[in-house]
*Asks:* 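Pasting a structure here, questions to come.
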Amino acid sequence: MIKKEIQQLFELGKNAFKEKRYEEAIYNLEKIIDIYNKDLVFYSDNEYIIYNEDDTDNMHALLANTYYNIGASKHNLKNYNEAIEYFNKTLELDSSFFDVYYSRGVDEYHLKFYENAVSDFTKALEVNPNLQNAYYIRALCYAKINKHKKAIEDFDTLLNSFDEINYIYYYYRGLSKFHLNLFEEAVKDFDIAAYYLPNEGYIYYDRALSYSKLNMFDKSIRDYTKAIEINKNEIDAYYNRASSYCEIEEYDKAIKDYDKVIELNPNDKEAVYNRALCKQSVNLFEDAIKDFNAIINYDNIFVYYNLGICYLELERYEESVNNFDIFIKVNPDYADAYFYRGTSKSGLEHYEEAIEDYNKTLELDNIHIDAYYERAMSKINLNLYDEAIKDFDEALFHIESDSDRAYLYTLKAALNEISKRYDDAIENYTNAIELGNECYYKRAIAKHNAVLIRDALNDYNKAIELEPNNYEIYFFKGNAELDLSLYEEAIKDFDRSIELNPNVDEVYYNRGIANEALKNYDEAFRDYEMTVKLNHKHDYAFNNLGSYYVRVKEYDKALENFYKALEINSELALPYSNIGEIKSRLALIEKEKNNIENYNNLNKEALEYFNKSYQTALKNNDEYEINSIIDDMKELSHENIEPAIEFLKNNNIDY
């Protein structure tokens with residue numbers, strides 16, 4: 001009777017299970033266990049003892065199936081822990097019940113007991129190697145415990161040994177390949193998965209991650225965009241697409257994606273921080289400062305560091321220093337922080353303090369080229385030129401890159417020029433040229449200053465080959481030709497310079513000198529007029545205009561221009577001499593009119609101007625002006641101009 005009742009309960013439970021009435025199935029099946037426990041068996045050492053020995057095998061089999069079906073019902077109700085308990089009991093009753101290993105493995109997978117699950121799936125597959133889903137879930141378990149090679153082996157089996165293929169296998173195999181840094185192979189698997197499962201956004205997302213690892217950012221952006229099209233609120237896709245945009249320096253687009261991330265999650269401080277970095281990269285420093293300040297209490301000390309950089313770029317040096325102070329207090333071994341703080345202090349003209357920060361930078365990073373450079377610049381501001389040169393030499397000792405070494409040689413050469421060590425400058429520019437920095441233009445200027453003018457012309461010509469539209473090179477080349485009295489060549493180069501840039505006053509002035517040397521006085525006059533039109537403070541141009549008017553005997557206009565030159569620069573010697581000449585010539589006119597008093601007064605004034613001119617030239621220690629004044633006096637003395645003769649006598653100058 002009991003046996004019949006048990007059979008009926010088992011059938012009821014089995015039917016309820018088939019119809020997915022799992023709680024009812026459990027209810028009926030547990031009654032069977034109660035009957036066994038109460039009426040048929042007693043326990044001894046955890047073994048079931050059956051009174052009727054003829055029915056032992058059948059009862060064990062039925063009881064094992066009962067536990068198994070209860071476990072299966074518990075599984076379907078997602079009571080995985082309880083399901084495992086019943087599966088364990090099944091195996092206690094019948095260790096050859098191999099279906100249990102698969103079922104228990106599934107529950108262990110759900111409970112994240114991945115190692116146990118792998119063991120159970122392996123046992124299930126030993127008995128039945130055709131359990132396709134066992135390979136699949138075991139592969140997922142392997143992936144969860146970072147045994148990706150094992151996972152790939154199972155996915156290979158699934159794809160090569162079974163006729164029915166689920167294309168999701170390619171996706172998961174691609175994930176394992178991704179974690180093994182096999183990014184190109186991962187992309188191939190994701191390609192197949194995306195082709196057959198085109199509406200699954202996560203496939204595009206993970207393929208995008210692979211493309212990012214391969215530095216194929218255009219493709220990663222395309223896939224993140226596809227993932228977003230499938231799911232408009234896929235926050236990670238926006239976030240990572242922003243990162244890809246940053247990699248290709250499309251910061252404006254990255255900012256828009258970070259905007260969306262922040263819209264979806266206003267508390268994402270990391271997104272605000274990254275958005276601020278993007279704004280900083282596109283020189284939106286004020287906007288970046290707003291973002292950084294919005295997360296000032298965010299647990300990221302680099303907020304202060306980047307605030308310091310933004311304030312530095314805005315030349316708000318004190319605020320910059322304050323933020324670097326906070327950063328350095330927490331992170332005292334970060335070389336760049338001292339470097340930028342030093343630069344801010346240099347902006348405040350606190351050069352000694354700046355040097356201390358550059359010293360600390362170089363203590364932490366002895367190949368920090370910019371620190372050597374900026375420390376040298378601070379030393380230059382303190383007139384410590386030799387110390388600055390040592391900084392460049394120290395940097396050259398540490399740097400191996402030819403391009404960096406060439407750059408340092410050009411900086412060192414520029415410093416040589418400041419110190420008027422032109423030979424050293426030429427040597428350093430030559431070193432830079434040999435390392436690939438084609439600084440012929442700069443070397444030409446150094447050679448020009450060293451009075452190696454013909455050598456300078458060769459470098460100017462090479463510079464023009466490299467930069468045929470650089471008006472400055474033609475200007476300086478013209479100056480060199482002017483110094484060599486190659487006036488026609490100089491005029492051609494000044495013409496080309498003016499053609500390229502018609503707004504530089506000094507080019508017209510020097511062309512005027514060349515024209516005057518060739519006695520093209522009208523052309524020279526027009527050049528000087530253009531000079532003062534562009535520069536109302538060009539003292540020499542006004543002086544030369546005055547000389548032109550002397551030549552055409554328009555003395556009133558001549559005096560007007562000489563006085564204008566002195567109004568601009570009272571320390572200019574030549575206008576005094578020129579005014580004296582006009583006074584002398586006006587005196588001769590008065591003598592012809594027999595106006596002796598005017599004649600004497602004008603000569604007296606002329607002598608005063610000659611003396612003023614000579615004393616100013618001596619004060620300026622300007623050898624060119626001194627010689628020019630003496631030559632003018634001698635020339636005037638040959639015309640029997642008395643103030644000139646008296647000047648020469650008074651100064652014991654032979655004439």
*Asks:* Would a 4.5 Å heavy-atom cut-off, applied to side chains only, mark Phe10 and Leu62 as touching?
*Replies:* yes
*Asks:* Are any of the side-chain heavy atoms of Phe292 and Tyr273 separated by less than 4.5 Å?
*Replies:* yes
*Asks:* Tell me yes or no: between the side chains of Tyr169 and Asp189, is some donor less than 3.5 Å from an acceptor?
*Replies:*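 Checked: Tyr169/Asp189 side chains show no N/O donor-acceptor pair below 3.5 Å.
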*Asks:* When you check the gap from the basic side-chain N to the acidic O, do Glu185 and Lys188 get nearer than 4.0 Å?
*Replies:* no
*Asks:* As a test of understanding, state which of Tyr317, Tyr338, Tyr358 forms a side chain to side chain donor-acceptor pair (under 3.5 Å) with Thr343.
*Replies:* Tyr358
*Asks:* Are Asp154 and Arg173 close enough for a salt bridge, meaning some N to O gap below 4.0 Å?
*Replies:*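 Salt bridge flag = no for Arg173 with Asp154.
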*Asks:* How far apart are the C-alpha atoms of Tyr86 and Glu30, what are their side-chain angles, what is the distance that settles it, and do they pass the side chain to side chain donor-acceptor pair (under 3.5 Å) test?
*Replies:* CA-CA 11 Å; Tyr86 280 95; Glu30 284 186 338; 2.9 Å; yes
*Asks:* Do other residues, nucleotides or ligands put more than 12 heavy atoms under 6.0 Å from Tyr298 OH?
*Replies:*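 More than 12 heavy atoms, drawn from other residues, nucleotides or ligands, come within 6.0 Å of this atom.
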*Asks:* Can you measure from NZ (Lys149) to CG (Leu180) and round to the nearest 0.5 angstrom?
*Replies:* 7.0 Å
*Asks:* Could you tell me which residues satisfy ring-ring contact (aromatic ring centres under 6.0 Å, His included) with Tyr172, sequence neighbours excluded, listed by chain and number?
*Replies:* none
*Asks:* Please say whether more than 12 non-hydrogen atoms of neighbouring residues, nucleotides or ligands are located less than 6.0 Å from CD in Glu270.
*Replies:* yes
*Asks:* Counting only heavy atoms not in Phe97, do more than 12 fall under 6.0 Å of its CZ?
*Replies:* yes
*Asks:* For Glu400, look at atom CD and say whether over 12 heavy atoms of other residues, nucleotides or ligands are found less than 6.0 Å away.
*Replies:*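 No, the 6.0 Å shell around CD holds no more than 12 heavy atoms from other groups.
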*Asks:* Strictly under 6.0 Å, is that where the ring centroids of Phe98 and Tyr101 end up?
*Replies:*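 Close enough - the centres of the two rings lie under 6.0 Å apart.
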*Asks:* Rounded to the nearest 0.5 Å, how far apart are CZ of Phe392 and OG1 of Thr410?
*Replies:* 8.5 Å
*Asks:* Can Glu234 and Lys226 be said to form a salt bridge (Lys or Arg N to Asp or Glu O under 4.0 Å), step by step?
*Replies:* CA-CA 11 Å; Glu234 181 54 64; Lys226 184 66 177 178; over 6 Å; no
*Asks:* Taking the ring centre of each residue, are Tyr167 and Tyr196 less than 6.0 Å apart?
*Replies:* yes
*Asks:* Have a look at Arg341 and tell me which of Asp336, Asn322, Asp325 forms a side chain to side chain donor-acceptor pair (under 3.5 Å) with it.
*Replies:* Asp325
*Asks:* Would you say the side chain of Tyr251 lies within less than 4.5 Å of the side chain of Tyr245, judging by non-hydrogen atoms?
*Replies:* no
*Asks:* Looking only at non-hydrogen atoms, find the nearest pair between Asp94 and Ser96 and report the distance.
*Replies:*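 Minimum heavy-atom contact is OD1-OG, 2.5 Å.
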*Asks:* Examine the side chains of Tyr171 and Asp206 and answer whether a donor and an acceptor come within less than 3.5 Å of each other.
*Replies:*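 Looking only at side-chain atoms, Asp206 and Tyr171 do form a donor-acceptor pair, the distance falling under 3.5 Å.
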*Asks:* Check this for me: Leu500, atom CG, are more than 12 non-hydrogen atoms of other residues, nucleotides or ligands nearer than 6.0 Å?
*Replies:*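 Yes, CG of Leu500 has more than 12 neighbouring heavy atoms, counting only those of other groups under 6.0 Å.
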*Asks:* Please determine whether a side-chain nitrogen of the Lys or Arg among Arg241 and Glu250 lies less than 4.0 Å from a carboxylate oxygen of the Asp or Glu.
*Replies:*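 Not counted as a salt bridge, because no side-chain N and carboxylate O are separated by less than 4.0 Å.
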*Asks:* State the CG-OH distance between Asp365 and Tyr334, to the nearest 0.5 angstrom.
*Replies:* 11.0 Å
*Asks:* Would Phe121 and Tyr102 count as a close aromatic pair, with their ring centres under 6.0 Å?
*Replies:*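 Ring centres of Tyr102 and Phe121 closer than 6.0 Å.
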*Asks:* When rounded to the nearest 0.5 angstrom, what is the spacing between OG1 in Thr361 and NE2 in His368?
*Replies:* 6.0 Å
*Asks:* Can Glu82 and Asn79 be counted as having a side-chain donor-acceptor contact under 3.5 angstrom?
*Replies:* no
*Asks:* Between Asp287 and Lys279, is the closest basic N to carboxylate O distance under 4.0 Å?
*Replies:* no
*Asks:* As an exercise, state the distance from CG of Asn65 to CG of Leu93, rounded to the nearest 0.5 Å.
*Replies:*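 Rounded to the nearest 0.5 Å, the CG-CG separation comes out at 10.0 Å.
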*Asks:* Is it the case that more than 12 heavy atoms not belonging to Asp299 sit under 6.0 Å from its CG atom?
*Replies:*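 No - once you tally the heavy atoms of other residues, nucleotides and ligands closer than 6.0 Å, there are 12 at most.
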*Asks:* List the steps, then state whether side chain to side chain contact (heavy atoms under 4.5 Å, CB included) holds for Phe324 with Tyr304.
*Replies:* CA-CA 7 Å; Phe324 285 123; Tyr304 294 100; over 6 Å; no
*Asks:* With a 6.0 Å cut-off on the ring centroids, do Tyr202 and Tyr205 count as close?
*Replies:* no
*Asks:* Between Asn128 and Ala124, is there a donor-acceptor pair closer than 3.5 Å when you use the side chain of the first and the backbone of the second?
*Replies:* no
*Asks:* Heavy atoms only: give me the nearest Tyr239-Asp268 pair and the separation to one decimal.
*Replies:*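 Scanning both residues, the minimum pair turns out to be CE1-OD2, 3.9 Å.
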*Asks:* Assign the ring pair Tyr22 / Phe17 to parallel, tilted or perpendicular, where the plane angle (0 to 90°) is split at 30° and 60°.
*Replies:* perpendicular
*Asks:* Can a donor-acceptor pair be found, under 3.5 Å and without considering hydrogens, that links the side chain of Arg104 to the backbone of Ile84?
*Replies:* no
*Asks:* With a 6.0 Å cut-off (strictly less than), is the heavy-atom count around CD of Glu318, excluding the residue itself, greater than 12?
*Replies:*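 No, CD of Glu318 has 12 or fewer neighbouring heavy atoms, counting only those of other groups under 6.0 Å.
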*Asks:* Are the ring centres of Phe190 and Tyr170 closer than 6.0 Å?
*Replies:* no
*Asks:* Would you tell me whether Tyr142 and Ser176 have side-chain atoms, one donor and one acceptor, within less than 3.5 Å of each other?
*Replies:*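 No, because no side-chain N or O of Tyr142 sits under 3.5 Å from a partner of the opposite role on Ser176.
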*Asks:* Do NZ/NE/NH1/NH2 and the carboxylate oxygens of Lys123 and Glu126 come within less than 4.0 Å?
*Replies:* no
*Asks:* I need the minimum non-hydrogen distance between Ala151 and Ala143, along with the two atoms involved.
*Replies:*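 Scanning both residues completely, I find the closest heavy atoms to be CB-N, 4.0 Å.
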